[in-house]
Amino acid sequence: MDIEIPLGKRTKKYRFFEMLPGILSYGAIILLIILSMVNPVLASIYLLTVILVAFVKAMAISYRMISGRNNMERATRVDWSERLNDLENPKGAYTRLIDKQSKKLLYEQHLENLRLMAAAEEGYFPKPSNIYNALIMPAYNESIEVIEPALKSVLDTTYDKKHLIIIFAYEERGGVEIATTADTLKKKYGKYFHSFHLVKHPKDLPNEVIGKGGNITYAGKWLKKYLQQQNIAFSDVIVTTMDCDNKPHRYYFDYLTYEYITHEDRKHLSYQPICLFTNNIWDVPAPMRVVATGNSFWNIISSMRPYSLRNFASHSQPMDALVEMDFWSTRTIVEDGHQYWRSYFYFNGNYEVVPIFVPIYQDAVLSNGYTKTLRAQFVQLRRWSYGASDVAYVGNNIFNKKRTTKFWPSVARFIRLLDGHVTQACIALIVAFGGWAPLVLNSEAARSVAAHQLPDTVSLIQQVAMVGILISIFVSFKLLPPRPERYKRSRNVLMVLQWLLMPIIAIVYSSMASYNAQTRLLIGKYLDKFDVTEKTTVEMNDQNRVQDKKKKVFRASSGGK
């Protein structure tokens, strides 16, 4: 079946599914308004039902947040390099470790993997020494100050660098600066890896939106030719796409390779680390800290829900699967999340995402100036929210006579996808203002006991839900990297007080960004360009401020000329 996103005019069915998230998100608000005007009691029942469902979800989220954080803590304490080495000789390692009765629980799953591998026929499970990891790092116009720390973190991983292939995929439209940066990085770090390649993605290729998908697909096709020249089997290569500001955990590639080897149906799996937006969390403004922490929480929570886990940002997939399905989509600005659905339908539903419980650290949004940072954050969230475009892609492939996946499991996935986008758009508005709707919109509501009690009832539920906020504050401090010396201890207080912004952030950023994206789909005004999030550092901003001050002094001394 055709797994590509349609170009140009859509069919009526496809357009219906594109409009569906917006229809439901706006409809949820409109229904509350209509019920408030017609019947305050029905409005109260509707509102309380929505809020109670959201409350139950919030409690489940808090539980998964704690469990996910504990899983991550345990995974980061495991020496995955040692475990990967054990897979080279599983029979010998099993014999050696089975005697460690005092550590049996620690090694239980590892022992089971070794037992199965030792009993299997030769060659059924690949050996670590035969596996290569290929890292594709896409870049547009980021500075070397942003990219180099990420490359250093890759170099600091425990994985054998002679089995790590680096592809620095940069954009032609990025100009001379990014090309110069690429050459500098290769000269400085190329000698440490199996190989280090620069792949320039040409601009204005046909059937491509301006975005990351076209860049990494072009790099993937280049990698395909390289591996053929090197006589390296596609099935022996794991490909990771990682933004150029991302820093993988030191055990990431060992852990990833371990999971790849020990899973039998490895071609139909992809691997998702926990993305934490904490690289520069101490440096960004308070609203961005709240957004970044919330995004980190969501990735931790998602790792605890394998049935709904999706590709996000940095992720890994076998090269043979990528070659077979022609890599990533070049027609969407949300190629990461879309890759799940692209793979799901290509492999007829036989596809899953395996959680990797160690983090890849990413930057929170920080631009040159407070106002620019606030705007950049909204643009980033709007791009992520444009994942609602997958609703049409999924619905069109499920409700189709040529469907190749099982109907009901696919419908369940479709409902979870749709519910996630609709909830993200409207729930914050309903919780914040819904309790007053009947009293404000219906003059007869003054005589309704239900309408008068509704704000108090909603407020009580919100107070109970504060438990979730307290859990969030506790977990957020556990995730924080060490406080930089340039900040005083008083900044810890700000890290707590920032959560007072949560209701405002939920509405202004999460809700409004979702409505913006869904409105575009509703009226057919598509986002056809990947709005790159400007990446900078505190040091770079300080330099810019000094330069701006010097320019002002110069203009003043020269009479403003």
Side-chain angles (χ1 to χ4, degrees), residues 135-156 166-190 192-193 196-203 210-212 214-216 218-219 240-248 275-285 288-289 291-292 313-314 333 360-380 383 481 484 486 529-551:
L135 175 62
I136 298 178
M137 295 182 68
Y140 171 50
N141 62 355
E142 293 82 0
S143 67
I144 195 168
E145 290 85 358
V146 170
I147 301 172
E148 190 170 17
L151 202 50
K152 285 182 178 179
S153 71
V154 174
L155 191 59
D156 289 339
I166 306 295
I167 302 98
F168 189 77
Y170 66 100
E171 293 280 3
E172 180 185 9
R173 62 173 50 89
V176 177
E177 291 80 4
I178 191 65
T180 302
T181 296
D183 289 332
T184 301
L185 292 172
K186 181 176 181 178
K187 290 176 183 177
K188 192 171 183 178
Y189 296 99
Y192 298 111
F193 301 97
F196 192 113
H197 308 281
L198 306 180
V199 179
K200 180 169 67 174
H201 177 227
K203 61 181 179 180
I210 299 175
K212 178 180 166 185
N215 189 357
I216 60 178
Y218 188 85
T240 297
T241 60
M242 188 184 80
D243 288 351
C244 61
D245 64 328
N246 292 183
K247 299 176 182 178
C275 298
L276 300 181
F277 297 84
T278 57
N279 278 344
N280 58 347
I281 193 71
W282 288 95
D283 300 325
V284 301
M288 279 64 263
R289 292 199 298 268
V291 173
S314 299
I333 64 169
I360 283 187
Y361 302 98
Q362 301 185 211
D363 284 354
V365 173
L366 179 64
S367 189
N368 183 19
Y370 196 89
T371 302
K372 286 185 177 180
T373 300
L374 293 174
R375 183 182 182 280
Q377 182 66 84
F378 183 85
V379 171
Q380 183 192 66
R383 188 180 73 238
R486 60 179 173 270
K529 179 182 178 182
F530 187 103
D531 293 307
V532 178
T533 303
E534 182 182 351
K535 298 179 177 70
T536 186
T537 64
V538 169
E539 292 78 10
M540 291 169 62
N541 285 345
D542 288 342
Q543 291 175 8
N544 290 333
R545 280 192 286 270
V546 170
Q547 291 175 1
D548 290 341
K549 186 177 293 186
K550 288 181 178 179
K551 289 178 181 178

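Residues passing the ring-ring contact (aromatic ring centres under 6.0 Å, His included) test with Phe277, sequence neighbours excluded: Trp384. Residues satisfying the side chain to side chain donor-acceptor pair (under 3.5 Å) test with Asn141, not counting sequence neighbours, are none. With sequence neighbours left out, the side-chain contact (heavy atoms from CB on, under 4.5 Å) criterion links Pro481 to Thr278, Ile281, Trp282. Residues forming a side chain to side chain donor-acceptor pair (under 3.5 Å) with Asn279 (at least two apart in sequence, or on another chain): Asp363. In this view, Lys212 and Asp243 satisfy the side chain to side chain donor-acceptor pair (under 3.5 Å) rule, not counting sequence neighbours. With sequence neighbours excluded, no residue forms a side chain to side chain donor-acceptor pair (under 3.5 Å) with Gln362. Residues passing the ring-ring contact (aromatic ring centres under 6.0 Å, His included) test with Tyr361: none are found, sequence neighbours excluded. Legend: residues meeting side-chain contact (heavy atoms from CB on, under 4.5 Å) with Ser153, ordered by chain and number and at least two apart, are Lys247, Pro248. Under the side-chain contact (heavy atoms from CB on, under 4.5 Å) criterion, Arg173 pairs with Tyr140, Glu171, Lys203, Asp204, Ile210, not counting sequence neighbours. Remark: Lys188 engages Glu148 in a salt bridge (Lys or Arg N to Asp or Glu O under 4.0 Å) (not counting sequence neighbours).
Nearest heavy-atom pair across Val199 and Ala219 is CG1-CA, 4.1 Å. Taking all atoms of both residues into account, the shortest heavy-atom contact from Phe196 to Gly190 is CB-CA, 3.5 Å. In this structure, Ala169 and Asn215 approach most closely via the heavy-atom pair O-ND2, 3.1 Å. Of all non-hydrogen atoms in Cys244 and Ala150, the two that sit nearest each other are O-CB, 3.2 Å.
Interatomic distance, Ile167 CD1 to Leu135 CG, rounded to the nearest 0.5 Å: 7.0 Å. For the atom pair Tyr170 OH and Ile147 CD1, the distance stands at 12.0 Å (nearest 0.5 Å). To the nearest 0.5 Å, atoms OH (Tyr218) and NZ (Lys200) are separated by 9.0 Å. One finds the CG atom of Leu151 at 6.0 Å from the OH atom of Tyr189 (value rounded to the nearest 0.5 Å). Here CD1 of Ile216 is found 10.5 Å from NE2 of His201. Values are rounded to the nearest 0.5 Å.
Residues Met242 and Val154 meet the side-chain proximity criterion, which asks for heavy atoms closer than 4.5 Å. Counting heavy atoms from C-beta outward, Leu374 and Ser367 have side chains that stay 4.5 Å or more apart.
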Does the salt bridge (charged side-chain N to carboxylate O under 4.0 Å, His left out) test come out yes or no for Arg486 and Asp283, once each step is laid out? CA-CA 10 Å; Arg486 60 179 173 270; Asp283 300 325; 2.7 Å; yes
Any chance you could lay out the side chain to side chain contact (heavy atoms under 4.5 Å, CB included) test for Thr373 and Met288, step after step, and finish with the verdict? CA-CA 8 Å; Thr373 300; Met288 279 64 263; 3.6 Å; yes
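Residue-environment remark: OH (Tyr192) stays at or below the threshold of 12 foreign heavy atoms within 6.0 Å.
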Show which side-chain atoms of residues 174-186 pair as donor or acceptor with protein atoms under 3.5 Å away, not counting sequence neighbours.
{"residue": "Thr180", "atom": "OG1", "partner": "Val176", "partner atom": "O", "Å": "3.0"}
{"residue": "Thr181", "atom": "OG1", "partner": "Glu177", "partner atom": "O", "Å": "3.1"}
{"residue": "Thr184", "atom": "OG1", "partner": "Thr180", "partner atom": "O", "Å": "2.9"}

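Panel note: side chain Arg383, backbone Asp531; a donor-acceptor pair is recorded below 3.5 Å.
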